[in-house]
Amino acid sequence: MRLESMAQKKPLTIRLCGPRGFCAGVDRAIQIVVLALKKYGAPVYVRHEIVHNRYVVEGLQARGAVFVEELDEIPAEHRSQPVVFSAHGVPKSVPTDAESKNLFYLDATCPLVSKVHKQAMRHQRLGRHVILVGHSGHPEVIGTMGQLPDGAVTLIETIDDAEVYVPQDSDNLGFVTQTTLSVDDTAGIIATLQRRFPALTAPAAESICYATTNRQDAVKAAAPGCDLFLVVGAPNSSNSKRLVEVAERSGALQSLLVQRAGDIDWSRVGDVSVVGLSAGASAPEIIVDEIIQSFSDRYLVSIELAETTIETENFHVMRDLRDVELTSADMAFVNGSR
């Protein structure tokens with residue numbers, strides 16, 4: 001019976017991107033919450049989603065994390081418990097508010113986001129008005145703009161914005177970018193600004209992070225010839241949505257964002273022979289495994305690895321948590337049993 005079932009399955013190649021999934025900053029942020037729970041016990045409060053992934057958030061909630069949008073939501077009886085700031089970064093006003101409330105906080109801001117904060121502050125310190133290329137309302141953008149006084153930063157989202165922007169002093173401008181943008185789109189915006197404002201000063205180092213660039217490069221390599229390209233990620237994950245766009249631009253006939261295997265609309269999958277698969281920087285590997293298994297239930301699957309680089313970056317947690325052992329079992333809810 002099983003042999004007959006296998007014979008009925010159509011062959012399918014899954015072109016699996018590498019790198020994919022968690023970047024070092026996301027991994028560190030999740031570790032911080034897990035270690036805080038081990039060291040201080042529940043509840044541990046987290047301001048905003050620690051990373052943009054519902055599966056991760058729910059997994060941490062099951063372990064005792066409580067997610068809030070504002071510090072005022074933390075009840076008075078729990079103000080001795082730690083509160084963690086998300087990987088996206090926060091405005092300067094947030095730690096100031098925490099200190100005024102005598103809260104113990106752990107800042108899980110990705111070090112590469114903190115680097116952008118420092119780049120923006122350096123521009124301002126040297127007398128430049130700061131142009132931030134990014135998406136309005138994204139927590140990382142809110143955090144970066146919140147490092148500087150009101151009016152010190154102008155947000156540019158598109159080439160059209162760059163074409164119509166009129167600065168007060170075009171000879172004293174510096175730019176930074178959100179870390180999770182489309183590399184190609186951002187290059188077009190920067191080129192427009194540089195054409196209009198030749199004195200525009202770039203940051204000392206690239207603002208778009210290595211993980212964003214690497215995942216987009218892998219998708220570009222894998223997408224040509226794909227009948228369908230799936231990106232694992234959340235609808236509010238900027239870097240995941242950019243991967244969907246990159247896949248479509250790079251030759252995939254169809255590209256979709258999915259959060260879980262259960263989100264796949266099999267009626268839209270159709271007659272496929274090659275499926276590309278990647279995951280945004282906040283999407284856990286356990287969901288990638290789940291999706292591969294879901295295809296294996298329906299097709300005779302072979303895996304083809306589309307790997308463009310190997311990432312070795314590792315960001316350490318803060319000293320307050322380094323005395324707590326982190327085991328593979330602690331992270332199995334996102335990494336699986338590997």
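Values below: all heavy atoms of this structure, side chains included; hydrogens, waters and symmetry mates excluded.
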Find out whether [X] and [Y] are in side-chain contact, i.e. whether some heavy atom of one side chain is under 4.5 Å from a heavy atom of the other.
{"X": "Gln81", "Y": "Phe104", "value": "no"}
{"X": "Ser278", "Y": "Phe229", "value": "yes"}
{"X": "Val275", "Y": "Phe295", "value": "yes"}
{"X": "Cys17", "Y": "Leu277", "value": "no"}
{"X": "Pro43", "Y": "Leu37", "value": "no"}
{"X": "Tyr165", "Y": "Thr154", "value": "yes"}
{"X": "Lys92", "Y": "His117", "value": "no"}
{"X": "Val232", "Y": "Gln259", "value": "no"}

Approximate separation, where rounding is to 0.5 Å, of [X] [atom1] and [Y] [atom2]:
{"X": "Met145", "Y": "Leu155", "atom1": "CE", "atom2": "CG", "answer": "5.5 Å"}
{"X": "Glu245", "Y": "Asp185", "atom1": "CD", "atom2": "CG", "answer": "6.5 Å"}
{"X": "Leu12", "Y": "Ser296", "atom1": "CG", "atom2": "OG", "answer": "8.5 Å"}
{"X": "His129", "Y": "Thr201", "atom1": "NE2", "atom2": "OG1", "answer": "13.0 Å"}
{"X": "Leu305", "Y": "Ile14", "atom1": "CG", "atom2": "CD1", "answer": "12.5 Å"}
{"X": "Arg128", "Y": "Leu173", "atom1": "CZ", "atom2": "CG", "answer": "10.0 Å"}

Discussion item. The test is side-chain contact (heavy atoms from CB on, under 4.5 Å); show your working for Arg242 and Ser238 and say whether it passes.
Written reply: CA-CA 6 Å; Arg242 302 294 80 75; Ser238 173; 3.3 Å; yes
What are the two closest non-hydrogen atoms of [X] and [Y], and how far apart are they?
{"X": "Val94", "Y": "Leu71", "answer": "O-CD1, 3.7 Å"}
{"X": "Ser282", "Y": "Val56", "answer": "O-CG2, 4.1 Å"}
{"X": "Arg28", "Y": "Pro111", "answer": "NH1-CD, 4.2 Å"}
{"X": "Met331", "Y": "Ile30", "answer": "CE-CG2, 3.9 Å"}
{"X": "Gln178", "Y": "His135", "answer": "OE1-N, 2.9 Å"}
{"X": "Asn236", "Y": "Glu49", "answer": "ND2-OE1, 3.3 Å"}

Item to complete: Evaluate the salt bridge (Lys or Arg N to Asp or Glu O under 4.0 Å) criterion for residues Lys115 and Glu206: first the C-alpha distance (whole Å), next the side-chain angles of each, then the deciding distance (0.1 Å), finally the verdict.
Response: CA-CA 10 Å; Lys115 182 186 76 173; Glu206 174 64 64; over 6 Å; no
Worksheet entry | Worked check of salt bridge (Lys or Arg N to Asp or Glu O under 4.0 Å) between Glu285 and Arg20 | CA-CA 8 Å; Glu285 184 68 8; Arg20 63 182 178 277; 2.8 Å; yes
Under a 3.5 Å distance rule, please check whether [X] uses its side chain to pair with a backbone N or O of [Y] as donor and acceptor.
{"X": "Glu290", "Y": "Ala261", "answer": "yes"}
{"X": "Gln216", "Y": "Val183", "answer": "yes"}
{"X": "Arg215", "Y": "Gly280", "answer": "no"}
{"X": "Glu140", "Y": "Val113", "answer": "no"}
{"X": "Ser237", "Y": "Gly233", "answer": "no"}
{"X": "Asp161", "Y": "Glu157", "answer": "yes"}
{"X": "Lys38", "Y": "Glu325", "answer": "yes"}
{"X": "Arg196", "Y": "Glu163", "answer": "yes"}
{"X": "Ser100", "Y": "Asp97", "answer": "yes"}
{"X": "Gln124", "Y": "Ala120", "answer": "no"}

Give a yes or no on whether [X] atom [atom1] has more than 12 heavy-atom contacts from other residues, nucleotides or ligands under 6.0 Å away.
{"X": "Lys101", "atom1": "NZ", "answer": "yes"}
{"X": "Glu69", "atom1": "CD", "answer": "yes"}
{"X": "Asp323", "atom1": "CG", "answer": "yes"}
{"X": "Leu126", "atom1": "CG", "answer": "yes"}

Item to complete: Check the pair Ser207 / Gln119 against side-chain contact (heavy atoms from CB on, under 4.5 Å), numbers first and verdict last.
Response: CA-CA 9 Å; Ser207 293; Gln119 291 169 342; 3.0 Å; yes
Worksheet item: Are Tyr55 and Phe333 close enough that their ring centres sit under 6.0 Å apart?
Response: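 When the ring centroids of Tyr55 and Phe333 are compared, they turn out to be at least 6.0 Å apart.
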Fill in: Chi angles and distances behind the side-chain contact (heavy atoms from CB on, under 4.5 Å) call for Leu181, Thr212
CA-CA 7 Å; Leu181 300 178; Thr212 298; over 6 Å; no
Discussion item. Tell me which one of Val231, Leu256, Val258 satisfies side chain to side chain contact (heavy atoms under 4.5 Å, CB included) with Val244.
Written reply: Val231
Item to complete: Let me know which of Val44, Leu35, Val46, Asp320 forms a side chain to side chain contact (heavy atoms under 4.5 Å, CB included) with Leu106.
Response: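 The side chain to side chain contact (heavy atoms under 4.5 Å, CB included) with Leu106 is passed solely by Asp320 among Val44, Leu35, Val46, Asp320.
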Discussion item. Evaluate Arg63 against Asp330 for salt bridge (Lys or Arg N to Asp or Glu O under 4.0 Å), listing each step before the verdict.
Written reply: CA-CA 10 Å; Arg63 286 156 179 76; Asp330 293 327; over 6 Å; no
Are [X] and [Y] connected in the hydrophobic side-chain network, where two residues link if heavy atoms are under 4.5 Å apart?
{"X": "Val66", "Y": "Val90", "value": "yes"}
{"X": "Leu148", "Y": "Ile131", "value": "no"}
{"X": "Ile264", "Y": "Tyr299", "value": "yes"}

Do we see a donor-acceptor contact under 3.5 Å between the side chains of [X] and [Y]?
{"X": "Asn214", "Y": "Asp217", "value": "no"}
{"X": "Asp289", "Y": "Gln293", "value": "no"}
{"X": "Thr158", "Y": "Asp160", "value": "no"}
{"X": "Asp184", "Y": "Ser182", "value": "no"}

Discussion item. For Phe85 and Tyr105, take the angle between the two ring planes, folded into 0 to 90°, and tell me which bin it lands in: parallel under 30, tilted 30 to 60, perpendicular over 60.
Written reply: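 Parallel.
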Item to complete: Start with the C-alpha gap between Val34 and Val324, add the side-chain angles, then the distance that decides, and say whether side-chain contact (heavy atoms from CB on, under 4.5 Å) holds.
Response: CA-CA 10 Å; Val34 169; Val324 185; over 6 Å; no
Discussion item. Whether Lys10 and Asp271 form a salt bridge (side-chain N of Lys/Arg under 4.0 Å from carboxylate O of Asp/Glu) is what I want to check.
Written reply: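 Result for this pair is yes, salt bridge flagged.
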Worksheet item: Should Arg47 and Glu70 be marked as a salt bridge (Lys or Arg N to Asp or Glu O under 4.0 Å) after you check the CA-CA gap, both sets of side-chain angles, and the distance that decides it?
Response: CA-CA 6 Å; Arg47 185 187 179 277; Glu70 300 299 339; 3.7 Å; yes
